[in-house]
Structure formats: structure tokens, C-alpha cells
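Counting begins at 1 with the first residue of the sequence. Being a predicted model, the structure only gives us computed values, none of them experimental. In listed order, ligands and their atoms are each counted from 1.
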Amino acid sequence: MATRTPIFEGSAIDDELGGSFRGELLAPTSPGYDTARRIWNGAIDRHPACIARCTGVADVVEAVRFARDHDLEIAVRGGGHNVAGTAVCDDGVVIDLSAMRAVWVDPAGRTGWVQSGALWADVDHETQAYGLATTGGIVGHTGVAGLTLGGGIGFLMRKHGLTVDNLLAAEVVTAEGSIVRASADEHTDLFWALRGGGGNFGVVTSFRFALHPVGPTVMAGPVFWAADDTADLLRFYRDFAADAPDELGSVVRLGTVPPLAGIPEELHWRPAIAVACCYAGAVEDGERAVRELRRFGAPLVDLLAPSPYVAFQGGLDDTVLHGWHYYWKATNLLGLSDDAIAVIADHAYAASSPRSYAAMFHMGGAVARVRHDATAYGARGVAHTMSIDAVWLPDESREHAAAETAWARRFLEALQPHGAGVYVNFLDSDDDHRRVREAYGDQIYRRLAEVKAEYDPGNVFHHNKNIQPG
Ligand SMILES: Cc1cc2nc3c(=O)[nH]c(=O)nc-3n(C[C@H](O)[C@H](O)[C@H](O)COP(=O)(O)OP(=O)(O)OC[C@H]3O[C@@H](n4cnc5c(N)ncnc54)[C@H](O)[C@@H]3O)c2cc1C
């Protein structure tokens, strides 16, 4: 139970909001408050004055008005996955969307509406019932809202574009408490900004996505090699990835072999490099596309096989559990030069925790074919997007935590000469405003600041990777 003095007793919040708010209101004295204020990153320990768990758009409007009337900080929680912990704040109101997880599919029109508290596992589950999918994250328990608003990278992006390239419309509650629809025809400046500019412009209550035929069986899975093979494998992978068809999405994971089903126990936690692939097309074509990769060297274990897309998308879920402590550093890479590969091979296995890892997403394909300023996503031209993810357990010592975070910082510092901007969704809480600007570049940042000035001139929504009103 929290020991801080509540700003509002539950009953006082009920008095003000109770009549119009249909969801759950949690004050520090409420049962369930301590669970509700927790997010994926267990290192984040904040105590909001009130958690407003909304059931629908009307609740979101009330919560925004309530917070503004009382001059309270607002944090918006979608899936609660952002490593920086911006989904919760101290002393303010958390607009918690976790009870709004519905997904409706229109199979004839190949589109879907998704409520903004949904996770990617919810979207994959519902859309795959119709043999459809859209580009989402590579871990099923990541939130749709935050991921989409930052851009959205994943296995399907080289064939079908970023998540924002598939965004057709969004419904938004603005700082004024108005409900607006943004699309190619309505509030077009807002629509542009929502496609990469993060949670700066209002609370999105639902998203409409384009869907594509995918699977339901796809050629997908990881292949693991011993860490000693890293430099040779990355040199091979550089060319393999450059020549890959758009259908082939891949992510390199450098760390250890996780203790997943199908992996022999003697390999668990052994330092290793993995390339996880998903082919968004016919299984036989996928088999051909990954053949050379599987033949490289002597894999420790090869799990590439025809798999249900939904199962593949959930395959990494248990490697990044809720409540563990996390700290990330990130950079994009224009290419994989021999020097960059040497840095990666030198640093990737120097963490002390077997749970720490680095992940490198292969970009290009459909992502790079969209005009640079067509959306607010700032890094379409890069070859790879990398995040260096320090992980430790809640009961591990401060010294251990310090060693892991120092590893991530050292790794990033060594990679900086090869870096080319950063993905805004991979920034952590100690990444300053300069890095937010770096994620967008000056031109896109300036335009975002103008849209911010129009929709949120008072910077009500600032508990995020903040765009300051221009
Ligand atoms: C394990 C893991 C795997 C990941 N994999 C990928 C990946 O494959 N691809 C990728 O692109 N990213 C990935 N990410 C990064 C991910 O995109 C961000 O963490 C993202 O913020 C998660 O969205 P969320 O809704 O869960 O975030 P939350 O923590 O709930 O929200 C983060 C911020 O987003 C904004 N926000 C959230 N919901 C709304 C809303 N409804 N309206 C307005 N603003 C809102 C707010 O500013 C909030 O502070 C991953 C993250 C994790 C932890």
C-alpha cells in the first residue's frame, strides 16, 4: 500500500467525476492502486494522484477536463511499455486506456478499428482470424498506441510499410476536451503529426489501420549461432539483408540464447547471436529466401519453420517480462561497415546480465519508398535501427544495475561514429530534448512544433518525448 499523502481521496474524485465517469478511479488509498501504477519497466516507481481507467471516449474527455480543471499533470497509458516510463507520472492523473482493448475487423474492406489500450497480441489475434495483419511490434505485449504514434517498426514493415504507413484514421481527444477525427481528409495536419510525432497532440482513443493478407502460416523463426561467429555472420548478413526481398523482415538479436520452448537446455543462456526472420508471403518462397542464411556456418539451433503468424509474434514475449528492470540506449545505422561490425562484436556480449541484449531491425523496402516528409517519422533512409537493452532483476543489487546501464552507455558511445539519428520510441528517460530533435531532424521537428502550437499550445501533453509548441 502506498505511504504517500493522497491529493484526492477516492471519494473526492468520485464527487467530481463520479457522475460522468463510468470507468474505475483509483486513488493512492484504493485497493488495486499499487498494481495499476506499475508498468512494464519495473524500474519505474511513480505515484499518481489518480488513475482514471477509462471505458470509452466519454471517460477520456472527462479525465482530460478533470486534470485541466485541477491543474494536474497528465500521463497517458496505452500498453504501458515505454521504457522511459512516460505512461505514469507522480502526483498527476494517469489516463489509463488499458480497459479499452477492442479490435473490429472489416474483412471486405481490409481495415480494422483498434481501441487505444489494445496490445499487439490483441490485434494479431483478431486480424488473423481473417488471415489479415498489419505491421506491429515484435513482442505481443507491447501497446498499439505508443508504438503507432512513434512510427512502428516490425517484421512486416519492408513489405507493408511502417505501422503509421498503414494508419488510415485516428480519433483524438484534444487538450480542449474536443473529439476530432484525423485522416487524409479531416484535420490533415494533425493526421500528419500523429504518424510519428508521439503522444503530443491529444489522447488517441482509436486507430483505423489498413490490413493485408498474411499467413496464417508463415516461414518464420530465429536461427542462433555462437557469439564467436558474430563478426563473420554480420558481414554475411549485411549482404544477405541488402539483397533480401521486401517480404523478408529480419531482426538480429545479440545476447544469450533465451530459455524458450524448442531450444535444448544445454544452450540456455549461452552467448549467441540470432537472426529472427518472418517472410510475408508464400511459405515455399520464404523457404527459398532464408536458405543461404540457414546454411551459414554451424548454427547452434535453427527454429526457422512454417509457423502460425500469431505464435511467431508471441515467441519473444517471455524474454522481456513485466516487472524486470530495463534501461535502453538506441541509434540508427546507415549501414554495417566493417568498423561498425567490429564495435558491435566487441560490446554486445560485455553485459554482465544474461538477460541484457541488443536488437537490430533491418529497415528499407517499403519504409524507404515513402517520401521523407510524408509523415512525421524521421528516419526512413537508414539501413538498421538498433536498441541496446540493459536488463536486470528487481532483487539484483544497485551495483549490478549500475554495471548494466554503464554497459549500454559504453556500447552506444562506441557506436556513435556509425550512428544516424534514433527511433523516438527507443529513447529512455535520460535522453534529453536534443535526442528527441535528433529523432526527427530539424525540418520535421519544426513542422511538428507548428501542429503542437495549434492543438496543444499550453503543452498539456508534455509527459512524453516532448515537442515544444512552435
Ligand atoms: C519489449 C518491447 C518491445 C518493443 N518492440 C518494438 C517493436 O518491435 N517495434 C517498435 O516500433 N517499437 C517497439 N517497442 C517500443 C514501443 O514502440 C514503445 O515502447 C511504445 O511507447 C509502446 O507503446 P505503449 O502504448 O505500450 O506505451 P505507453 O508506455 O503506454 O505509452 C508511451 C507514451 O505514448 C503516448 N501514448 C500512449 N498511448 C497514447 C494514446 N492513446 N494517445 C496519445 N498518446 C499515447 C504517451 O505519450 C505515453 O507516455 C518495444 C518496446 C518494448 C518494451
Distance under 4.0 Å, heavy atoms only, partner ligand 1: which residues pass?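 Shell around ligand 1 (4.0 Å, heavy atoms): W40, V76, R77, G78, G79, G80, H81, N82, T86, A87, L97, S116, G137, I138, V139, T142, G143, A145, G146, L147, L149, G152, I153, G199, G202, V203, V204, V320, W328, F361, Y423, N425, F426, H463, N464.
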
Does R355 count as lying over the ring of W392, i.e. NZ or CZ under 6.0 Å from the six-ring centre, within 45 degrees of the axis?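 That pair does not qualify as a cation-pi contact.
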
Could you tell me which residues satisfy side-chain contact (heavy atoms from CB on, under 4.5 Å) with A408, sequence neighbours excluded, listed by chain and number?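 Only Y327, K329, I388, A390 meet the side-chain contact (heavy atoms from CB on, under 4.5 Å) criterion with A408.
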
Under the rule for side-chain contact (heavy atoms from CB on, under 4.5 Å), what residues qualify as partners of A182, not counting sequence neighbours?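 Partners of A182 under the side-chain contact (heavy atoms from CB on, under 4.5 Å) test: H187, L190, F191, L194.
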
Apply ring-ring contact (aromatic ring centres under 6.0 Å, His included) to H347 and list each qualifying residue two or more places apart in sequence or on a separate chain.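 Testing H347 for ring-ring contact (aromatic ring centres under 6.0 Å, His included), a comparison that skips the adjacent residues, returns F411.
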
Please name the residue in the list T174, N200, D189 that meets the side-chain hydrogen bond (donor to acceptor under 3.5 Å, both in side chains) test with Y455.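 That would be D189.
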
In terms of relative ring orientation, are F426 and W328 parallel, tilted or perpendicular, with 30° and 60° separating the classes?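 Perpendicular, since the angle between the ring planes exceeds 60°.
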
